[in-house]
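Bear in mind the structure is a predicted one, so any value in this text is a computation, not a measurement.
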There are 2 protein chains.
Amino acid sequence: MIPAEIIKKKRDGAVLSHIEIQEFVGGFVSGSVADYQMSALLMAVFLKGMDKTETLALTQAMLHSGVVIDLSNIKSAKVDKHSTGGVGDKTSLIIGPLVAAAGVSVPMISGRGLGHTGGTLDKLESIPGFNTQLSIDKFKDLVGKHGVCFIGQTKEICPADKRMYALRDVTATVECIPLICASIMSKKLAEGIDGLVLDVKTGSGAFMKSLSDAKILAKGLVDITRGAKKRVTALITDMNQPLGLTIGNALEVEECLEVLNNMGPSDLRELSLELAAHMIVIGGKAKNLDAARKAAEDTLKSGRAMDKFIEIVGAQGGALELPKADQKKSLTASKSGYVSEMDVEKIGIASLSLGAGRMKAEDKIDMAAGIVMHKKIGDHVTKGEPLATFFYSTGRDTSSAEELFKSAVMIRLQNTKAPRLIKEIISSRK
Amino acid sequence: MIPAEIIKKKRDGAVLSHIEIQEFVGGFVSGSVADYQMSALLMAVFLKGMDKTETLALTQAMLHSGVVIDLSNIKSAKVDKHSTGGVGDKTSLIIGPLVAAAGVSVPMISGRGLGHTGGTLDKLESIPGFNTQLSIDKFKDLVGKHGVCFIGQTKEICPADKRMYALRDVTATVECIPLICASIMSKKLAEGIDGLVLDVKTGSGAFMKSLSDAKILAKGLVDITRGAKKRVTALITDMNQPLGLTIGNALEVEECLEVLNNMGPSDLRELSLELAAHMIVIGGKAKNLDAARKAAEDTLKSGRAMDKFIEIVGAQGGALELPKADQKKSLTASKSGYVSEMDVEKIGIASLSLGAGRMKAEDKIDMAAGIVMHKKIGDHVTKGEPLATFFYSTGRDTSSAEELFKSAVMIRLQNTKAPRLIKEIISSRK
């Protein structure tokens, strides 16, 4: 293999073969392809694209740069859920134990907050003692014993992805559908899953602002999962307002406990049940979606989902004594009307700047900080009524968060319908 | 400056500012811009282009990454000639002394053979003792004393170009007009010249096979030279057959001596006189091209050009006792007819494979090896008559050279007109 010949081929818009992609990524991992050659190829891919077959080959090359976890000794089906990221998106914490309690194993490898969006690992780590840095053997052991386990990326999994992402980040090649798809899917396929449910977010708080872009991403992810011979369903869901009412790590865990107690905000409950139902169908524990939905609801209502959550928190060393902020402040409406629109990215950044996330990679998260929303789109609000409450630590300057939040929430005289939660479902089952 | 922001701008097809280009190249030289960022930018430039202003800014940034030679203490105008490279293209050895003898200084920094084409440095080094590795101070001294000096690239000149070219070579970003132009011109402008004559080759032995591509390259080079406030003329000249009759280092020097003796093949003599005339005009030593052409012819006929050549060879340590090959072989015509077409790139590679050039960078050149042509396009040939003579050393396998040469020369029954030597002249003088 001559790396420059492969770069040239993509530069000229040709389709790379499976073997060319495999050799290039393999060479990158082994050192015979240099960083500067990978970044040239990434830019050529950014500008010339990759088709379905190439993207699958890239995913598989990245996947096989590291360990693929073998969960074949676990008898039940292994199904994970992946969300493309949003604000207040905490469904993993509900779905993991719920689906496990319904008999489908959930081997969940999650990420940290990225940009304005939160991360499952950060949320779980707001539970004192909760350990997400387990070895792969311990992970396999806990999935086997409890049907669910939550860990972070390990260095054995997809080393090519880690190095490629680091290059993309500094060479302006992040926002590229085939590269995004291969990065997500190589890590998901490394979990040793039989199937996957994708939650592709769209709206002002999502990476894909438009429905059409979200569909392209969902289609790309579904194609790879199918190509890898795994069952898959993708839901395109709303991120034009935060999911649920809370943003911030311990606040979000608390809200998950409400849902697991069969209460909590209806959108969070509904999306969790829907995603869980699709996972149960894919996992073969229900003959159709209706039956799966009923199974999910039963698992929630019976308390078995909550029991499972408490069980796995305990198994991973956590104690459910969530930290509480020592300061709070109400944000009130400056006029009366209906909440009609939110800039959710701004709300996410407002929460970050209260301490709930990292502005820089080296920042330490304030686990108790964040925002509780009191109004959602379509709700009426009277001038002076609280729109949200900020939670933070003494000494935190909240002025930029306040400004961001105020500019992010539109109040208009005319009533607006709440955005539809589930916009589209793309299923691989014919 | 955030390197990724500049890469992103070019990726999206925007025009980079002078300052952005300067900071990026400066950062590359100082180490704050990594190789992988430069290669991503180079690929984006390859696919999105650079306009005239950007290319000039890139040239200037590369130029100022190193030393710009100051020849201001030399009173006469300093004018160089640059050829984009061909087979048998040896005009520098004639023009340098000729133009110097006509009163215009020629500070000539040349390159080595690249691909199938020869290099002025290699040719000069076939003269025993000739030293092309002089310091910049020695170079200035010799240009001052003799009006001409021939050296190779030094590490003080355009270090950015050297590193960028090394990256381009392994990331499939070589064949890109703005990058080619900036690479050529940054090195030429570093010579401290007042003006430049460009010999842009077109045809089967040139990098630009088509006239239209050659025009684009010539235009790009002229624009930069003008932008740098230097006088410039570009000649687009034929490379559909080797220039002159010889290919190979010592053989080409011998042919140059013939021309300097007011003999030699007419095409080499004609192109040398024309290029020299343009240099003399640009150097202000003639009021128009006709007068310059007459001055060039007079300098040649009077023997002053030859005297100057002998003078500079001596000054650079050379002794004109050229090496001679111990083996030779005639290549004969397989049928009668007219030489109608040549694949000059193949002929160049045939000469390389006789030992006259490098197949790999580490190869040692056989200075005596090469090809003497006996027929050119339009000449009649009788079956069994020699087309060319190969010169080489005992032990050399000539079979692949023979095969290449035979497949490169087309003999047809119908007569063909010789290709026009000078196809177009692009001048910056209005």
Side-chain angles (χ1 to χ4, degrees), chain A residues 1-16 20-21 23-25 27-29 31-50 114-115 160 162-180 207 359-361, chain B residues 1-16 20-21 23-25 27-29 31-50 114-115 160 162-180 207 359-361:
Chain A
M1 181 232 357
I2 300 167
E5 289 301 312
I6 293 175
I7 300 169
K8 184 180 175 184
K9 206 170 157 183
K10 180 46 67 190
R11 176 199 86 186
D12 294 340
V15 173
L16 299 180
E20 286 168 331
I21 291 171
E23 289 188 336
F24 200 95
V25 173
F28 178 61
V29 172
S32 65
V33 171
D35 282 355
Y36 47 80
Q37 292 175 312
M38 178 55 89
S39 68
L41 182 71
L42 291 168
M43 181 56 79
V45 169
F46 190 102
L47 292 171
K48 294 289 181 166
M50 266 191 161
L114 185 67
K162 202 183 165 81
R163 285 184 52 208
M164 285 167 71
Y165 191 84
L167 278 179
R168 286 167 60 205
D169 198 34
V170 294
T171 59
T173 48
V174 170
E175 316 93 315
C176 169
I177 297 277
L179 298 179
I180 292 170
F207 292 109
M359 302 292 274
K360 301 184 300 290
Chain B
M1 182 229 1
I2 299 166
E5 288 301 312
I6 293 175
I7 300 169
K8 184 179 177 188
K9 204 169 157 184
K10 180 45 67 189
R11 178 198 86 186
D12 295 340
V15 173
L16 299 180
E20 285 168 332
I21 291 172
E23 289 188 335
F24 200 94
V25 173
F28 178 60
V29 173
S32 65
V33 171
D35 282 355
Y36 46 79
Q37 292 175 313
M38 179 55 87
S39 68
L41 182 71
L42 290 169
M43 181 57 79
V45 169
F46 190 102
L47 292 171
K48 294 290 182 166
M50 266 192 162
L114 185 67
K162 201 183 165 85
R163 284 183 54 210
M164 285 167 71
Y165 191 84
L167 279 178
R168 286 168 59 203
D169 197 34
V170 294
T171 59
T173 48
V174 170
E175 315 93 317
C176 171
I177 297 277
L179 298 179
I180 292 170
F207 292 108
M359 303 292 273
K360 303 186 297 292

Practice prompt. Could you grab the distance from atom CD1 of A:Ile2 to atom CD1 of A:Ile7, nearest 0.5 Å is fine?
Written response: 11.5 Å

Worksheet item: About how many Å separate CG of B:Leu47 and CE of A:Met43, when rounded to the nearest 0.5 Å?
Response: 9.0 Å

Worksheet, complete the sentence: Heavy atoms of B:Ala172 and A:Ala4 approach each other most closely as CB-O, 3.4 Å

Compile the donor-acceptor pairs, distance criterion under 3.5 Å only, formed between chain A and chain B.
{"unit_1": "A:Arg11", "atom_1": "NH1", "unit_2": "B:Ala172", "atom_2": "O", "d": "2.7"}
{"unit_1": "A:Arg11", "atom_1": "NH1", "unit_2": "B:Glu175", "atom_2": "OE1", "d": "3.2"}
{"unit_1": "A:Tyr36", "atom_1": "O", "unit_2": "B:Ser39", "atom_2": "OG", "d": "2.6"}
{"unit_1": "A:Gln37", "atom_1": "NE2", "unit_2": "B:Val170", "atom_2": "O", "d": "2.9"}
{"unit_1": "A:Ser39", "atom_1": "OG", "unit_2": "B:Tyr36", "atom_2": "O", "d": "2.6"}
{"unit_1": "A:Ser39", "atom_1": "OG", "unit_2": "B:Ser39", "atom_2": "OG", "d": "2.7"}
{"unit_1": "A:Val170", "atom_1": "O", "unit_2": "B:Gln37", "atom_2": "NE2", "d": "2.9"}
{"unit_1": "A:Ala172", "atom_1": "O", "unit_2": "B:Arg11", "atom_2": "NH1", "d": "2.8"}
{"unit_1": "A:Glu175", "atom_1": "OE1", "unit_2": "B:Arg11", "atom_2": "NH1", "d": "3.2"}

Practice prompt. For A:Phe207, enumerate each residue passing the ring-ring contact (aromatic ring centres under 6.0 Å, His included) test, keeping only those at least two apart in sequence or located in another chain.
Written response: A:His116

Practice prompt. Measure across A:Leu41 and A:Ile6 and return the closest heavy-atom pair with its distance rounded to 0.1 Å.
Written response: CD1-O, 4.3 Å

Item to complete: Supply the atom-to-atom distance A:Leu167 CG to A:Phe28 CZ, rounded to the nearest 0.5 angstrom.
Response: 5.0 Å

